S.K.: 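Here it is: the structure, laid out below.
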Protein chains: 2
Amino acid sequence: MTLDIGTRLRAVREARGLSQRELASRAGLTNGTISMIEQNKTSPSVASLKSLLDALPMPLSDFFADVEEQAVPKYFYAPDEFTELSPQEAGFGGGAARVSLRQLGNASSHTIQMLHEVYPPGADTGPEMLRHAGEEAGVVIAGIVEVTVADQVRVLNPGDGYLFDSTLPHRFRNIGAGDCVIVSACTPPTF
Amino acid sequence: MTLDIGTRLRAVREARGLSQRELASRAGLTNGTISMIEQNKTSPSVASLKSLLDALPMPLSDFFADVEEQAVPKYFYAPDEFTELSPQEAGFGGGAARVSLRQLGNASSHTIQMLHEVYPPGADTGPEMLRHAGEEAGVVIAGIVEVTVADQVRVLNPGDGYLFDSTLPHRFRNIGAGDCVIVSACTPPTF
DNA sequence: CCGATGTGTTCAATTTACTGAACGCAGTTT
DNA sequence: AAACTGCGTTCAGTAAATTGAACACATCGG
């Protein structure tokens, strides 16, 4: 989401019938600064923004309540825009190997969670089986992974997939020589 | 003036069980910055604060206001066990190009539908935009695809992803020289 | 006991926000 | 018309936020 503080601020300022200079003097800032902010050429500090809103006046929560509604929705993500989830939060307690779990977007505001997962050789989600609400599915892109679901164990190769209810105890182990890459999806997001 | 965002940020961060470094890496900032902010030694820019809250996640306004049942359930699928969806069934009416949409499992008995999609060069879901209930997300594995969602158009390369509400009109076009491979997920399954 | 890993803090260097004084433009006033 | 008054924008310089690499302090395993 690219949040548009500039137009939001301008809208509020003009609704009060204030010029940039008037608002600037009340807030203890300069008109130039306000101009830059309204054009989204800079991202003001919280302190500066609070000064401006105090001078209007308007609470920060109200200001952002509207800003987030007007925010431009984000549909596309470059590789570096995936958010890396820490192993701990993903449910991997004392895992020795480092697993990369890169999430697509901000799952808290969606009903679906998609992950780009990379397991180094030997990586294991651990003998303690994972369990959580929802369903999960995935496709193996590269490498070899042994997946355990309930009482079933299976070795999956590139092109293979899986699909099961997440409340069933499950476990992933990379038993190949190289990295194992999986693209998976969960619903609802697990936190 | 106070506006103690430092202790507020620390409270939410610790509530999530995250260290300063973990949060920093997710938000694309450094641990030092978070330390300074939490001690109120600096006033973060709105852009920085939003990055931090997105990684938690939490909206700015909140921050500021205070399978089908079988005898034996099937969890694993070999590549030839994916069910090929006919273009028509997938919503492609008179599409000239042949698109491969291979579905993992029997989606009607699940809340999640995962597809392994292959688009030949020039493939297009058509100028009539698709619309259906639910959300969909995907990761590009190979090739180059142009995706249109509502009024946004974007060219996605391997490693890129997408995530949007399926009620928004959308369209996929393979604009590369080779096949385009995408692994996607929808919720709920679209039929 | 010591090395390895974890935490949060500190500080010089860099990037960025902000200042202060310009600028150009549109109405009014003389 | 020229001179004023108001508006928002631009720009070099300054102040502050942010980085990146240290630091000190804990906990854990050999």
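Note that the structure is a prediction, hence the values are computed from the model and not measured. A note on names: the letters A, B, ... follow the listed sequences, proteins ahead of strands, and every chain is numbered from 1.
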S.K.: Give me the atom names and distance for the closest heavy-atom approach of N31(A) to Q20(A).
M.R.: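 Smallest heavy-atom distance, with atoms named: O-OE1, 3.9 Å.
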S.K.: Dump the pairs, protein N or O against N or O of nucleotides 26-29 of chain C, anything under 3.5 Å, distances to one decimal.
M.R.:
none

S.K.: Mind checking if E38(A) touches a base, just sugar-phosphate, or nothing, with heavy atoms under 4.0 Å?
M.R.: nothing
S.K.: Can you tell me the distance, in whole Å, between the CD atom of E22(B) and the P atom of dT5(C)?
M.R.: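 It is 16 Å, rounded to the nearest whole Å.
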S.K.: In this structure, how many angstroms lie between the P atom of dA17(D) and the CG atom of L52(B), rounded?
M.R.: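 The answer, rounded to whole Å, is 15 Å.
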S.K.: How would you list, by chain and number, every residue that makes a salt bridge (charged side-chain N to carboxylate O under 4.0 Å, His left out) with E117(A), sequence neighbours excluded?
M.R.: none
S.K.: Could you note down all residue pairs passing salt bridge (charged side-chain N to carboxylate O under 4.0 Å, His left out) where residues 138-149 of chain B supplies at least one of them, sequence neighbours left out?
M.R.: E146(B)-R173(B)
S.K.: Regarding S19(B), tell me which of base, sugar-phosphate or nothing describes its non-hydrogen contacts under 4.0 Å with the strands shown.
M.R.: sugar-phosphate
S.K.: Closer than 4.0 Å, any side-chain N/O of R13(A) to the OP1 or OP2 of dC7(D)?
M.R.: no
S.K.: Check whether any side-chain N or O of Q39(B) sits under 4.0 Å from OP1 or OP2 of dG8(C), and answer yes or no.
M.R.: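 Negative; the distance criterion is not met.
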S.K.: State whether S43(A) places a side-chain N or O below 4.0 Å from either non-bridging phosphate oxygen (OP1 or OP2) of dT16(C).
M.R.: no
S.K.: Looking at dC7(D), dT10(C), dT10(D), which one has an atom nearest to any side-chain atom of K41(A)?
M.R.: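 Looking only at heavy atoms from C-beta outward on K41(A), the closest nucleotide is dT10(D).
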S.K.: Which residues satisfy the side chain to side chain donor-acceptor pair (under 3.5 Å) test with N40(A), sequence neighbours excluded?
M.R.: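 N40(A) satisfies side chain to side chain donor-acceptor pair (under 3.5 Å) with D4(A) once adjacent residues are dropped.
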S.K.: Please report how far the helix from dG3(C)-dC28(D) to dT30(C)-dA1(D) bends, comparing the axis fitted to its first five pairs with the axis fitted to its last five, to the nearest 10 degrees.
M.R.: 10°
S.K.: So if I take residues 23-34 of chain A and measure heavy-atom distances to DNA chain D, which residues fall below 4.0 Å?
M.R.: N31(A), G32(A)
S.K.: In whole Å, I'd like the distance from the CG atom of N40(A) to the P atom of dA17(C).
M.R.: 11 Å
S.K.: For the hydrophobic clusters of this structure (ILVMFWY residues joined by side-chain heavy atoms under 4.5 Å, transitively), does one cluster hold both L18(B) and F63(B)?
M.R.: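 Yes; F63(B) is reachable from L18(B) via cluster members.
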S.K.: I'd like to know if V46(A) and L56(B) are part of one continuous hydrophobic network [Ile/Leu/Val/Met/Phe/Trp/Tyr, side-chain heavy atoms within less than 4.5 Å].
M.R.: yes
S.K.: Determine, using the 4.5 Å side-chain heavy-atom cutoff (strictly less than), whether V147(B) and I175(B) are members of one ILVMFWY cluster.
M.R.: no
S.K.: Tell whether R21(B) reaches the base of dG6(C) with its side chain through a donor-acceptor pair below 3.5 angstrom.
M.R.: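 Check fails, no donor-acceptor contact within cut-off.
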S.K.: What's the separation between atom CD1 in I5(A) and atom CD in Q39(A), rounded to the nearest 0.5 Å?
M.R.: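 With rounding to 0.5 Å, CD1 (I5(A)) is 14.5 Å from CD (Q39(A)).
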S.K.: Which one, dT18(D), dT7(C), dT9(D), comes nearest to the side chain of M36(B)?
M.R.: dT18(D)
S.K.: Any sub-3.5 Å donor-acceptor pair from D160(A)'s side-chain atoms to N157(A)'s backbone N or O?
M.R.: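 Looks like yes, one N/O pair under 3.5 Å.
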S.K.: Heavy atoms only, 4.0 Å cut-off, all strands: where does T42(A) land among base, sugar-phosphate and nothing?
M.R.: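 Sugar-phosphate contact only - T42(A) comes under 4.0 Å of backbone atoms but never of a base.
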S.K.: What is the minimum heavy-atom distance between R8(A) and D62(A), and which atoms define it?
M.R.: NH2-O, 3.5 Å
S.K.: Expressed as a whole number of angstroms, how long is the span from L9(B):CG to dT18(D):C1'?
M.R.: 15 Å
S.K.: Please tell me if Q20(B) has a side-chain N or O lying less than 4.0 Å from either OP1 or OP2 of dT9(C).
M.R.: yes
S.K.: Should the pair F164(B) and F172(B) be assigned to parallel (<30°), tilted (30 to 60°) or perpendicular (>60°) ring geometry?
M.R.: tilted
S.K.: Would you give the length of the straight line joining atom NZ of K50(A) to atom CG of L60(A), rounded to the nearest 0.5 angstrom?
M.R.: 6.0 Å
S.K.: Is the phosphate of dA17(D) approached by S48(B) (side-chain N or O, under 4.0 Å from OP1 or OP2)?
M.R.: no
